[in-house]
Amino acid sequence: MSIETVHGTVVDSRSGEPLEGVLIMGYWPKMMTSPHWRATVGAAHLAETSSDASGRFEIPACKPPCKVDGFFAYYQPDILFFKAGYYPKALSNPISEVHYDPRSSEHILWRWGWNGKTIELEPVSDENDPRLEAAYSLSPRLYLNDNCNWMKIPKTLMFKAQQMQLRERDKEKTAMPVSEYLTGLYLEKQKKCHPDPASYLKEAVRYE
């Protein structure tokens, strides 16, 4: 498959001011299907980026050979937005934006419907809002399956784990470095991807 570049601008929904440091993740779900049902069983492809001082962001193109693991056609990819102090946001790309290369029925081109758009994030008004807890939960089924996709989104994983940790009731877990907290929860079996997942995450995200 190939994926075109998606770019846009993120702003505060109240002030209209651009937002710097917003984490943006592209998520293409991995599907299991039968004639009667379908289910998301993991991630076929993941990519992350962040917005600059002008609120601009760009998820880079992925051109052939862009290999993915698993069946994912006919299912909407999402763009997810995360920033402390703001409600997370998810935008789904319409199925109509999936195009087939006429030279090969097996080549799928994902065209984003959000190019050049301005995306508004709403400031958090209630820290106990259940939307926050749901948004910052980590699902091994989606991100941490056996294809090592977690290595493509270290900043997103660390940010979500940090937000989870802030809501922990266990004081011992709250005091742990975020990379160790995340590794202990989800990455113990990921040493086939990297010999030391905690150090990989800490190196990729230098706020610890």
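In this text the structure is predicted, and so the values were computed from the model without any measurement.
Here the straight-line distance linking atom OG1 of T156 with atom CG of L80 works out to 8.0 Å at 0.5 Å rounding. With rounding to the nearest 0.5 angstrom, the CD1 atom of I24 is 9.0 Å from the CD1 atom of I79. The NZ atom of K160 lies 15.5 Å from the CD atom of Q165; values are rounded to the nearest 0.5 Å. For the atom pair OH of Y86 and CZ of R14, the computed distance is 8.5 Å after rounding to the nearest 0.5 Å. In this structure, the separation between CD1 on I119 and OG on S51 is 11.5 Å, given to the nearest 0.5 Å. In this structure, CZ in R56 is found 9.0 Å from OG1 in T118, a value given to the nearest 0.5 Å.
Here the side chain of T49 pairs no donor or acceptor atom with the backbone of I59 at under 3.5 angstrom. K83 contributes a side-chain N or O that, together with a main-chain N or O of E20, makes up a donor-acceptor pair within less than 3.5 Å.
When every heavy atom of E168 is checked against every heavy atom of T174, the shortest pair comes out as CB-OG1, 3.6 Å. Between S199 and D196, the shortest heavy-atom contact is OG-O, 2.9 Å. Shown here for P197 and L187, the closest heavy-atom pair between the two residues is CG-O, 3.8 Å. Closest approach of S179 and A198 over heavy atoms only: CB-O, 3.5 Å. Between M151 and C193, the closest heavy-atom pair is SD-O, 3.6 Å. Nearest heavy-atom pair across V6 and N115 is CA-OD1, 2.9 Å.
V11 and L23 fall into different hydrophobic clusters, defined by Ile, Leu, Val, Met, Phe, Trp and Tyr side-chain heavy atoms under 4.5 Å apart, directly or through other members.
Q163 has its side chain within reach of F159: a pair of non-hydrogen atoms, C-beta onward, lies under 4.5 Å apart.
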(request) Kindly indicate, with the supporting measurements, whether the criterion side chain to side chain contact (heavy atoms under 4.5 Å, CB included) is fulfilled by F81 and L91. (result) CA-CA 9 Å; F81 299 80; L91 300 176; 3.7 Å; yes
(message) Evaluate R167 against L132 for side chain to side chain contact (heavy atoms under 4.5 Å, CB included), listing each step before the verdict.
(response) CA-CA 10 Å; R167 294 164 173 80; L132 293 174; 3.7 Å; yes
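Relative ring orientation between Y136 and F82 is described as tilted, the plane-to-plane angle lying within the 30° to 60° band.
For Y200, the ring-ring contact (aromatic ring centres under 6.0 Å, His included) criterion is met by W150, H194, not counting sequence neighbours.
Applying the side-chain hydrogen bond (donor to acceptor under 3.5 Å, both in side chains) test to residues at least two apart or on different chains, the pairs with a partner in residues 119-131 are Y87-S125, Y87-D129, D129-R131.
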